[in-house]
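Down below is the structure, laid out as structure tokens.
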Amino acid sequence: MRSILALLLFVSIQHSLFAQTEFHVCRGMDKEEYDVDRVFAEDATSFFVQAHRGTYPDQKVLFNRYDRQTCALELTKLLVVPGEKGKEHLFEGMQSIQGGLCLFSSYHDKKADSNTLYATRIDRDGNALSAPVEVDVIRDVTNNKQGVYDVVFSKDRGRIATYRNINYWPKDPVKFTVKVMDSELKQLWSKEVQLTGYKEEDITFKEYRVDDAGNVYMLVMLKLTDAERAKYPDEFFKQSILFFSGGDGTMVQHDLLVPPGEGSGLSVAFDFDDRQQVVAVGVVDRRKRRIGAHLSATYFARFDGRGPSPKVMVTVPLSAAFLSSWMSDGKLNDSPLLDNYYAMKLRSLPDGGAIGVFGDKGQFNKLRKEGNLIIIRYGADGSVMWERVILKDQAGNNLMERYYGHYSLFDGNKLYFVYNDHKENVGARTVGEIKAIDDYEKESTIVVRSIALDGTVQDEHWEWPTDPSILLISYYPFYLNDDLFYFFPWQNGKCGGPNKEWCRSFGRVA
């Protein structure tokens, strides 16, 4: 049965102002054998770091607290996972919640053949404030018949939602549970859901989120009914957003089939506001056309999540000028997956519109547009107000190239992107200008690109600090939590000790 460590890393990015460029570098760990995992929370004066030694489930976990401004170590302790007497709980991750911190753990009861997920409030010293609270339980663990559980948090960290798939056999009816708790770990509502007419093989679960009021939004992919297949003969699945009311979990299903059904992509990004208005975007991929015309449109949907009100649901063509401005490079025609774009992220806006971010999955070990992003600003009616592209290639850089990624932060006025790149790629606008990174230590730089609501693009680049020096080897070094960027080099650098000990440096970017 899988660990939920990765699942608990979900973070909701809230509005904040993008502060000045300033590095706070923490020089490694007191115990070199421990690896830094993540920054999981901040408060007014400190930030909290999780580290580990060994492998799950037998790992030892360190709880560290650092000064928010100086990066000085304030506290380090081997974490004691709370549990009942005679029942050893496994550590499953830590998160910030409204008013404090929360530790998640699980207990496998072999006799009952069950695995239970618990949550415990902890203080800023890592001490338990209360007994563990049961969040969810998986029964019949031996056959994994009850599926897996997952946990997400609202933007204000005041609501915790859990999802558990309780299906095992593909021919069984679709069933799952949804629960919502408050920051004191009190259950607000719970619902078991069965989607009538669908078997387990007919549904693919994609994503779910909870808002500050306890409403849950779930994105799923459903097999088309016979009637829908007759209308859309080239399609097999549809995207749907299931809305669950924060009062009692009442469900409303919103299907996102977009006429005329010319190969709607199977990836959707969605967002919502505090009025339960939902916006969603996806890619229209006309598969039967030549490659240059493949990526020709996106679709946009906007509706009230609470009921079957009239929907805005339109296909939105990309302008020919925009497409030809960056897809005309002849070398790119060698890639059969040039059209392989998908909706990565969406930010809803107060005017009913949104900013959509679309990325290319790329093609392994080929010159390609991996890492390039299309940014589209939509009006409330789905019309395109502007289109932009971020060109960022690492063509032929190394075998791990396919893992490059962008991290973004939206402060209500601008969308910021940060990534590690070649120092000469800042401001590059064509594929021919892009340079690969051959020596990270000498050539890498932090690139920050912002896009304002009016479409203005601005570039900055941040040099890595030299005192202390940072040896950045990671292809995936950035991480977001609490609206701040953190960096986690994967290779050890030398600390300032008498013997130049090797250790992992890490830190935050303010």
Self-check item: Sole candidate of R347, R209, Q277 that passes side chain to side chain donor-acceptor pair (under 3.5 Å) when paired with D271
Solution: R209
Quiz item: Applying side chain to side chain donor-acceptor pair (under 3.5 Å), which residue pairs with at least one partner in residues 177-189 are found, sequence neighbours left out?
Solution: R121-E184
Quiz item: Sequence neighbours excluded, which residues qualify as side chain to side chain donor-acceptor pair (under 3.5 Å) partners of D274?
Solution: none
Quiz item: Residues two or more places apart in sequence or in another chain: which of them pass side chain to side chain donor-acceptor pair (under 3.5 Å) with S105?
Solution: H89
Just by distance, do the side chain of [X] and the backbone of [Y] share a donor-acceptor pair under 3.5 Å?
{"X": "R388", "Y": "I374", "value": "no"}
{"X": "R302", "Y": "M313", "value": "no"}
{"X": "Y217", "Y": "F270", "value": "no"}
{"X": "D202", "Y": "K199", "value": "yes"}

Identify, with sequence neighbours excluded, every residue that meets salt bridge (charged side-chain N to carboxylate O under 4.0 Å, His left out) alongside [X].
{"X": "D273", "value": "R275"}
{"X": "E387", "value": "none"}
{"X": "R377", "value": "D351"}
{"X": "R229", "value": "none"}

Using side-chain contact (heavy atoms from CB on, under 4.5 Å) as the criterion, list what pairs up with [X], not counting sequence neighbours.
{"X": "A452", "value": "K414, D454, T456"}
{"X": "A128", "value": "P82, T120"}
{"X": "D109", "value": "Y107, K111, A112, S114"}
{"X": "S383", "value": "D381"}

Exercise. Tell me, with the steps shown, if L117 and V137 meet side-chain contact (heavy atoms from CB on, under 4.5 Å).
Key: CA-CA 6 Å; L117 176 66; V137 59; over 6 Å; no
Quiz item: With sequence neighbours excluded, what pairs up with F244 under the ring pair (Phe, Tyr, Trp, His ring centres under 6.0 Å) test?
Solution: none
Quiz prompt | side chain to side chain donor-acceptor pair (under 3.5 Å) assessment of R157 paired with Q95 | solution = CA-CA 9 Å; R157 316 298 287 185; Q95 277 288 352; 2.5 Å; yes
Quiz item: Is the shortest side-chain N to carboxylate O distance from R124 to D43 below 4.0 Å?
Solution: yes
Practice problem: Quick one: sort the F48 and F40 rings into parallel, tilted or perpendicular, breaks at 30° and 60°. | Solution: tilted
Quiz item: Quick one: does NZ or CZ of K223 land under 6.0 Å from the six-membered ring centre of F237, within 45 degrees of the ring axis?
Solution: no
